[in-house]
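Only one structure is covered here, and it is reproduced in the block below.
Proteins come first, then strands; the chains are lettered A, B, ... in the order of their sequence lines, and each starts at number 1. In this text, all values refer to a predicted model and were calculated from it rather than measured experimentally.
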Amino acid sequence: MEKRVRVRFAPSPTGGLHMGGVRTALFNYLFAKKHGGDFILRIEDTDQNRFVEGAEQYIIDALTWCGIQPNEGVGFGDGPYAPYRQSERKETGIYKKYADQLIAAGHAYYAFDTSEELDEMRKRLEAAKVVAPQYNSVTRQNMRNSLTLGEDEVKRLLESNAPYVVRLKVPRNEEIRFQDIIRGWVVVNSSQVDDKVLLKSDGMPTYHLAHIVDDIEMKISHAVRGEEWLPSAPAHILIYRYLGLENEMPQLAHLPLILNPDGHGKISKREARFPVFPLSWQDPREHTPYGGYKEAGYYPEAFVNILALLGWNPGNNKELMSVDEMATLFEFERVSKSGAKFDPEKAKWFNQQYLKAKTDAELAGSFRPLLKEKGYEPNESFLKEYCRLVKEKVQFVNDFWAQGRFIFETPEKLDEAVLTKKWKETSAATYTLVLEKFKALHTWDIPTVTACFHEAETANGGKIDMQVLRVLVTGASGGPQLFDTLALMGKDKVVARLESGLALVLTNFEK
RNA sequence: GGCCCGUUCGUCUAGGGGUUAGGACGCGUCCCUUUCACGGACGAAACACGGGUUCGAUUCCCGUACGGGCUACCA
């Protein structure tokens with residue numbers, strides 16, 4: 001019988017959770033949802049030196065904003081396997097228990113080397129032209145560990161509380177093979193694997209031991225993580241094997257990395273000219289916060305949609321999908337092996353698609369607070385109409401203000417390029433005519449304004465350039481649907497703008 | 001350097017021994033439009049290279065190049 005799908009997202013609280021981490025969480029979430037399984041948040045805080053205040057809460061907040069909440073784990077309700085923080089689990093002695101088991105079985109050993117001694121060893125090896133200095137089956141013979149020291153000495157050191165680590169005893173030359181759901185068979189020789197530290201001298205487990213113990217204890221069925229873990233997977237296989245748990249170990253899936261759009265390497269928060277964090281992140285050790293997708297105006301649905309298609313695709317040419325749709329389609333077999341460069345331009349397009357799907361009322365709701373910051377609080381119907389007009393032109397609600405700002409505030413200057421090109425000697429008379437026609441109106445709505453403009457054209461004896469009218473009223477060469485905009489602005493404002501616009505042109509353009 | 005992983009339009013990708021190599025973003029042209037968009041149509045644009053295997057390779061194998069990851073008592 002297949003075991004119940006239980007997957008975990010297991011970040012360490014060493015900083016803000018960036019988009020690569022979110023995607024890993026997302027794939028876990030989709031997989032769990034598809035199979036009706038569990039999605040767990042486990043906090044891997046075994047490195048006390050790298051602990052960052054606020055990071056854990058950030059992870060919880062970010063997942064929540066993205067709508068990919070775990071159903072078990074830190075911040076989301078303890079299930080039957082609590083605690084879900086490794087620092088707390090360590091207190092139960094669970095990691096030491098497994099480490100002791102490995103030692104008893106002869107697959108792990110105590111090592112008493114100081115960091116100075118380790119440095120010395122590496123230097124020595126480098127001097128001897130050893131290409132990859134590592135603590136392994138060969139070098140451990142010259143180090144201070146329970147394999148070289150003799151039983152009595154080891155016992156004495158242990159009893160005298162000498163600091164030690166527990167290392168995995170990796171065999172010298174053994175082929176280690178494992179199957180990755182995404183990559184197929186991967187084969188590595190154990191000579192390439194070093195004697196990994198399992199238990200650190202502060203008593204904390206390393207990632208290598210901790211995640212295995214927890215995955216087993218928490219009955220994790222699939223370990224889904226980034227490609228950066230692929231090189232250490234062989235060591236993990238060995239640990240499972242020596243624990244007698246190779247048959248119970250989770251299936252492995254190593255996700256391709258998200259790469260920088262330009263340049264090279266993993267996506268990085270420093271060089272990116274686009275957000276890499278879902279929510280803005282203030283690192284307590286730094287001065288300036290990093291902006292987030294939320295603050296940039298992205299909808300969480302759009303953000304998640306973008307991420308899902310970075311390395312995965314449903315194979316049906318469909319790109320816009322809800323999380324539910326993605327979940328029904330998701331499978332690791334359709335996750336690609338190669339890294340994906342993130343394309344910020346396409347990300348914007350995604351958001352635009354979601355934006356266009358919103359109702360004017362929804363948009364008004366999200367734009368109202370932004371507009372209030374600028375000092376304007378129009379009534380609901382005005383705001384909805386405003387949103388209707390500007391939404392076709394932007395990708396973010398954040399752009400709504402800039403797009404229609406002229407409605408609230410008189411532009412300081414008019415678009416010169418348009419005027420230079422289109423303003424003629426007769427223009428002053430033409431647009432004065434339009435002004436007079438507008439002034440004479442008693443009702444003011446879209447059809448009336450439109451009809452009035454056409455009447456002006458008739459009276460003028462020919463077409464009147466709408467773009468020039470636009471510039472006179474709004475200052476800009478482009479903007480929302482012109483007559484609709486004029487209708488929304490109201491007669492008084494349009495007339496006043498037209499007057500001031502004409503005055504401005506006459507002083508600056510008429511020679 | 002060593003080890004591991006990867007390589008289809010600029011980017012995200014589909015496909016897979018015989019295809020006009022498909023879609024999307026972006027880009028260009030046109031249509032719609034007396035403005036601005038949206039929308040629509042069309043177009044330019046890819047199988048890294050070299051050897052095999054095969055009647056036939058973009059697809060399978062090997063090598064090379066290139067890219068990425070790892071190489072800590074970090075995860």
Atom [atom1], compared across [N] and [M]: separation rounded to whole Å:
N	M	atom1	result
B/rG15	B/rC73	C1'	48 Å
B/rG43	B/rG52	C1'	38 Å
B/rU58	B/rC42	P	29 Å
B/rC55	B/rA46	P	31 Å
B/rA24	B/rC61	C1'	33 Å

Any side-chain N or O of [X] below 4.0 angstrom from OP1/OP2 of [N]?
X	N	value
A/K337	B/rC5	no
A/R225	B/rG69	no
A/R183	B/rG6	no

NA contact type, [X], heavy-atom cut-off 4.0 Å: base, sugar-phosphate, or nothing?
X	value
A/G311	sugar-phosphate
A/K356	sugar-phosphate
A/N49	nothing
A/K391	nothing
A/L469	nothing
A/G479	base
A/S201	base
A/F453	base
A/S191	nothing
A/L482	base
A/K463	base
A/S336	sugar-phosphate

| query | With nearest nucleotides of RNA chain B determined for A/Y135 and A/Q481 from heavy-atom distances, which residue corresponds to the more 5′ nucleotide? | reply | A/Q481
| request: Tell me which of A/T46 and A/G339 sits closer to the 5' end of RNA chain B, going by the nucleotide each one is nearest to. | output: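 Result of the comparison: A/G339.
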According to the Watson-Crick and G-U wobble definitions, with both distances under 3.5 Å, which nucleotide is paired to [N]?
N	result
B/rA24	B/rU11
B/rG63	B/rC49
B/rC32	none
B/rG1	B/rU71
B/rC55	B/rG18
B/rA37	none

Between [options], which one does the side chain of [X] approach most closely?
X	options	result
A/A340	B/rU7, B/rC25, B/rU13	B/rU13
A/Q192	B/rA37, B/rG68, B/rG2	B/rG2
A/L118	B/rC4, B/rC36, B/rC73	B/rC73
A/L230	B/rC74, B/rC5, B/rA14	B/rC5
A/D343	B/rC25, B/rC73, B/rA14	B/rC25
A/Q467	B/rC36, B/rG23, B/rG26	B/rC36
A/K393	B/rC74, B/rG69, B/rC36	B/rC36
A/P231	B/rC70, B/rA75, B/rA24	B/rC70
A/R50	B/rA24, B/rA75, B/rU13	B/rA75
A/N317	B/rA75, B/rG22, B/rU11	B/rG22

| Hey, what's the ring geometry for A/F367 with A/Y386, parallel, tilted or perpendicular (30° and 60° as the breaks)? | parallel
| task | Fit a plane to each ring of A/W229 and A/H236, take the angle between them on a 0 to 90° scale, and name the class: parallel (under 30°), tilted (30 to 60°) or perpendicular (over 60°). | result |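 Because their plane-to-plane angle lies in the 30° to 60° range, the rings of A/W229 and A/H236 count as tilted.
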| query | For the base of B/rC70, is there a side-chain donor-acceptor partner from A/S232 under 3.5 Å away? | reply |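 Not at all, since no donor on one side and acceptor on the other fall under 3.5 Å apart.
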| message | Would you say the ring centers of A/F27 and A/F330 fall short of 6.0 Å from each other? | response |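 Aromatic pair counts; centres sit under 6.0 Å.
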| task | For the pair A/R225 and A/H211, evaluate side-chain hydrogen bond (donor to acceptor under 3.5 Å, both in side chains) and give the outcome as yes or no after the intermediate values. | result | CA-CA 12 Å; A/R225 77 238 288 201; A/H211 92 275; 3.2 Å; yes
| Charged tip of A/K196 within 45° of A/Y207 ring normal and under 6.0 Å |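 Not satisfied by the 6.0 Å and 45° rule.
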| A/Y135 and A/N145 side chains, donor-acceptor separation under 3.5 Å | yes
| Side-chain H-bond candidate by donor/acceptor type, A/D195 with A/Y109, under 3.5 Å |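 Looking only at side-chain atoms, A/Y109 and A/D195 do form a donor-acceptor pair, the distance falling under 3.5 Å.
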| message | So A/F453 and A/M466, do their side chains get closer than 4.5 Å, heavy atoms only? | response | yes
